[in-house]
Structures are given as structure tokens and as C-alpha cells.
Amino acid sequence: MNEVIKDLGLKTPFYSGSSGQKNWLGNGVKTNIKSPVDGQLIGEVTFADNKDYERLMAEAQIAFPIWKAMPAPHRGEIVRQFGDALRQEKENLGKLVSYEMGKSLQEGYGEVQEMIDICDFAVGLSRQLYGLQMHSERPGHRMFEQWHPLGVVGIISAFNFPVAVWAWNAAIAWVCGNVCIWKPSEKTPFSSMACQEIFKKVLLANNLPEGISNLIIGDSTIGKSMAADQNIALVSATGSTKMGKSVAETVGRRLGKSILELGGNNAIIVAEDADLNHAVPAIVFGAVGTAGQRCTSTRRLIVHESQYESLLEKLKQAYGQLRIGDPLDQKNHVGPLIDTMAVEAYKNTVKTAQEQGGELVYGGQVLKGDGYISVCYVMPTIIKANANMPIMKQETFAPILYVTSYKDLNEAINIQNNVPQGLSSSIFTLNMRKAETFLSNSGSDCGIANVNIGTSGAEIGGAFGGEKETGGGRESGSDSWKAYMRRQTCTVNYSTDLPLAQGIKFDL
Ligand code: NAD
């Protein structure tokens, strides 16, 4: 390998850990990073230790007053340049993401496109960080709210979206006037280094300090330090619910702010009147895309009993056409899981599901031999399930789809909501009453609810996130920016009196 990294124009010392000039290089343990695509060594990284973290925090704190002093539209201009730099590097960065994480090349490019899109969004937002103005009850008074930067924003991200989730957070945090410290997943450090390198060039070309964007490569030890650090005003953490609970507890103890984007267990309801020509490809893409390693992957299918057997047949046929293999080869639909631990989790889940009464109707095997040398490739799997199986309430990050049936819509909605997670959901129906019931307050309890599209593949314009054990955070579009700023309510008295609110008299 390393051709992919070289294509990006990044020299070997860039990731060797030896130059000491990069702001992410650490003094902790050395780790080899292998690609799940072919098992080849991508390179060695040296994890940061807590001293490295303190050094980076100092750089961030020096950069913050410089950055927040720039008018927001000027900060937007820097983010615009970053978006342009990403346009130039889309192919290289997309390839690197695909090779390091194992998602298809299309999805690797898509991830970089999402970064570009959020930069565009953030540029516009930089002129729209509006506060409201209220009517004061006191004569000659003006009351309004305004929004100020928070300070240092810590971003902890997961392996499955190695670059886009950072950009969702960072682009918005930056235009809001914050500086960022990013701890990417220890499983995908090279994609993050490439991003840092691209943004650093933009900063340096504008005579701005690199401390506006800081990268720290390390494992959960660094994540825990970030959660505990009073100097981080907001921790935005994306990952498993287990990680989120730990971060929430630590940040909560110091009354800090957090955005939590955690695990999902997403379902599609297929009604008796669904258009299966749309439902089938949406289900298959949702369940097997990114090898089932999206937080929004479709994990549960709740099918009206009248469609159950025929839909299962259609799905088996569609799964039979899937090509599994090197994700950089655009003919393939499904790439590898991230590592052999994920493969073990897949195998255990398939076994447990069968022990709990599930019937394996497709897949269930690990692929071996030519083209599967990394031993990270698994067969997309369909399991006929009973909605009460405990395993169905857990998120397994693999292409396993549980299919269950229902008689009436309320039952389907209950099955859908009866899990600890609440990220994404959808219904396929051509019946307006069913669609609106699903979207009503007695319908889906998820942060994302779709009609006639699948559960995955969100756009950046909406607020992204979910309820319950998904953490309740919102990122990306809509008014998610408000979480990255502090709100200040201001009252100005321009009268010649000093009236008190609620008519209280205090005469001296
Ligand atoms: P993970 O929880 O193992 O790791 C995520 C990040 O958290 C990594 O950077 C890791 O080093 C760090 N970390 C782990 N434990 C920590 C702790 N106690 N304190 C601080 N940091 C800690 O998750 P993963 O395997 O990389 O990613 C898969 C999970 O992420 C899935 O559950 C998936 O649903 C979720 N995810 C959610 C969203 C969302 O927006 N809701 C998006 C992507 C992924």
C-alpha cells in the first residue's frame, strides 16, 4: 500500500511519528495500523500521552483569542477555503478513507462530499448566527439575546465515519468562533492526519495558527482525559453507547456541555401497500451498505404479514446478487468489517440469534481465501426473527438484518420503538394515514423518521442525532450550531428611569 497515502502527496515521515514537528505526533505507545481491505500495514502511529495532550491544549488556548476575534464571516471565509481544498483532494482523501476504513470507494468519496457540503453550509451560517429580540415589559428597555463562542471544543469520533463526523462538528464549531481538538478513532488515524494536513495548509496560508484545529491520535485514555478536562467547554462524542455513558458521566460531573451521538438500532416498517420496487433496494442498501457499519444501518425489518414471505424471497434474491470484496473495486457492493474483533462480534450475534429462536435464511458466514486475505469479510445475513428476541435490542455493527412480521400499524410502531436506541426509522407505505401516523407523536420515537426512503444516508441540512441511548445530541444542519455557542440574554435600559421587572418597587 502506501500508494494511497503517497497519491495524496503526503510523505512517509508524515505518519512515521519521527519528525516531532506535527502537532498530533505523540510520545506514547507505537501501534501498527492495518487495512481491513487486504490486511496490509498502512503504517505505524505513535499514540499521544497525557503530556502531548497538555501541549496541544496549550496551543488551542493560544489560538482561541486570535480566532474568536475574527468576525464570523471572516471565519466562514477560512472554512470556505477548506471546502475548496477538500474539493481538490476529494479523490485522494476518499480513497484513503475507503482503504483505511473499508467502505466502498463511492462511500469514501461521499464522505468527503459531506465534508464539502458542511463547509458550504457553515460558510452561509457564518452570517446567520442570529439571536432573537424580545419585547421588554419595562419602558425604554431593549432585550435581546446574542451568541458567543464557547472556547475549546473536543471532538471524539468513531471509526465508521473517520472524517465526515469531524467536519460536521469542526466546520460549525469554527464559524461559531471555537477552536477544536479532535481525537479520531484509533482505528483510522491516517484519514484524520490527511484532513489535518489539508486544513493546516489553509490556516498557514492565511497566517493563522494551527492551534485552531488540533489533532490528537490516541485511544480511549485520551478520550477520557478530554471528557475530564475543565478546559474543554463542549465535548462532542460519537461512538458506542458504552463510550457515551462514560463521557456523559465524566462531563456531567464537572457540569460541562456534551453532544452525544451514539449507537442506533434502526428499523424499516413495510406496510401492506408499500411499493416494493423502492422498498427492496432501500432495505438492501440500508442493511449491507458500509457492511452494516453505519449508525443508521437498517438492522430490523418489520413487515406486514401479507408481504412477509414475498419480501423475504425478494431480499434473498437481491442478497444473492451482492458482490463482496475489495471496496476500492467499484464493481463490489460490500467491503470488509473494520477488524477481526468485529468479525467475532458478527459470528457471536448470528449464533446467539439462532439460540434465541431466530432462523438463518441467508449468509451467516465469514469469507475466506482469495480476495478475503484480511479475514474481515462476512456474508450479509438475514435472520427470520421474533420481535421478543433480546439480541434484536442490541446494536451489532455488522450486516445482519432481522426480519419480523406484524398485523397492524400500532403493533409495528410498538415493535420499532421497543428498543433502547432511538436514531433512525422509516416506513414504506403509499397510504397517507399510515405515513402521518408514523410521523405523529404516537409514531416513531426516533431522531430521524423517514417515509419511503431508508434509514441511512442522511443529508447535512437537517439536524442529525437520536433519542434514548443514542444520546439525544444533534449535529450538522438546522439550528444544531446553537450547541456550539453560549447564549447571552442582554437588557439595555435607555430610559431616564430604573424600573424593576414584575413592577417591584425599591425606593431609596
Ligand atoms: P467506540 O465507542 O468504540 O469509539 C468511539 C470513539 O470513542 C473512539 O475515538 C474511542 O477511542 C473513543 N472512546 C472509547 N471509549 C471512550 C471513553 N470511555 N471515553 C472517551 N472516549 C472513548 O465506537 P466505534 O466502534 O469507533 O464506532 C461504532 C459506534 O459508533 C456504533 O455504536 C455506532 O452506532 C456509533 N456511531 C454513532 C453515530 C451517531 O451519529 N449516532 C455516528 C457514527 C457512529
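Counting starts at 1 for both ligands and their atoms, in listed order.
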Please set out all donor-acceptor pairs under 3.5 angstrom arising from side-chain atoms of residues 381-393, sequence neighbours excluded.
from: Thr381; atom 1: OG1; to: Tyr346; atom 2: OH; distance (Å): 2.8
from: Thr381; atom 1: OG1; to: Gly364; atom 2: N; distance (Å): 2.8
from: Thr381; atom 1: OG1; to: Met379; atom 2: O; distance (Å): 2.7
from: Lys384; atom 1: NZ; to: Glu309; atom 2: OE2; distance (Å): 3.4
from: Asn386; atom 1: OD1; to: Asn388; atom 2: N; distance (Å): 2.8
from: Lys393; atom 1: NZ; to: Asn418; atom 2: O; distance (Å): 3.1

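- Asn169 and Ser236 share a side-chain donor-acceptor pair at under 3.5 Å.
- Between Tyr319 and Tyr362, the ring-plane angle classifies as perpendicular under the 30° and 60° cut-offs.
- Applying the side-chain hydrogen bond (donor to acceptor under 3.5 Å, both in side chains) test to residues at least two apart or on different chains, the pairs with a partner in residues 106-117 are Lys90-Gln113, Lys103-Glu111, Ser104-Glu107, Gln106-Gln330, Glu107-Thr290, Glu107-Arg294, Gln113-Asp117, Glu114-Trp168.
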What side-chain donor-acceptor pairs closer than 3.5 Å can you find for residues 247-263, not counting sequence neighbours?
from: Thr250; atom 1: OG1; to: Ser246; atom 2: O; distance (Å): 2.9
from: Arg254; atom 1: NE; to: Ala227; atom 2: O; distance (Å): 2.7
from: Arg254; atom 1: NE; to: Asp229; atom 2: O; distance (Å): 3.4
from: Arg254; atom 1: NH1; to: Asp229; atom 2: O; distance (Å): 3.3
from: Arg254; atom 1: NH1; to: Ile232; atom 2: O; distance (Å): 2.9
from: Arg254; atom 1: NH2; to: Ala227; atom 2: O; distance (Å): 3.1
from: Arg254; atom 1: NH2; to: Asp229; atom 2: O; distance (Å): 3.1
from: Arg254; atom 1: NH2; to: Ile232; atom 2: O; distance (Å): 3.2
from: Glu261; atom 1: OE2; to: Glu475; atom 2: N; distance (Å): 3.4

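- Protein residues lining ligand 1, listed by chain and number: Ile156, Ser157, Ala158, Phe159, Asn160, Lys183, Pro184, Ser185, Glu186, Asp219, Ser220, Gly223, Lys224, Thr238, Gly239, Ser240, Met243, Ser246, Val247, Glu261, Leu262, Gly263, Gly264, Cys295, Glu395, Phe397, Leu423, Phe464 [non-hydrogen atoms, distance under 4.0 Å].
- Taking the six-membered ring where tryptophan is involved, the planes of Trp147 and Trp481 are perpendicular, since the angle between them exceeds 60° and thus also 30°.
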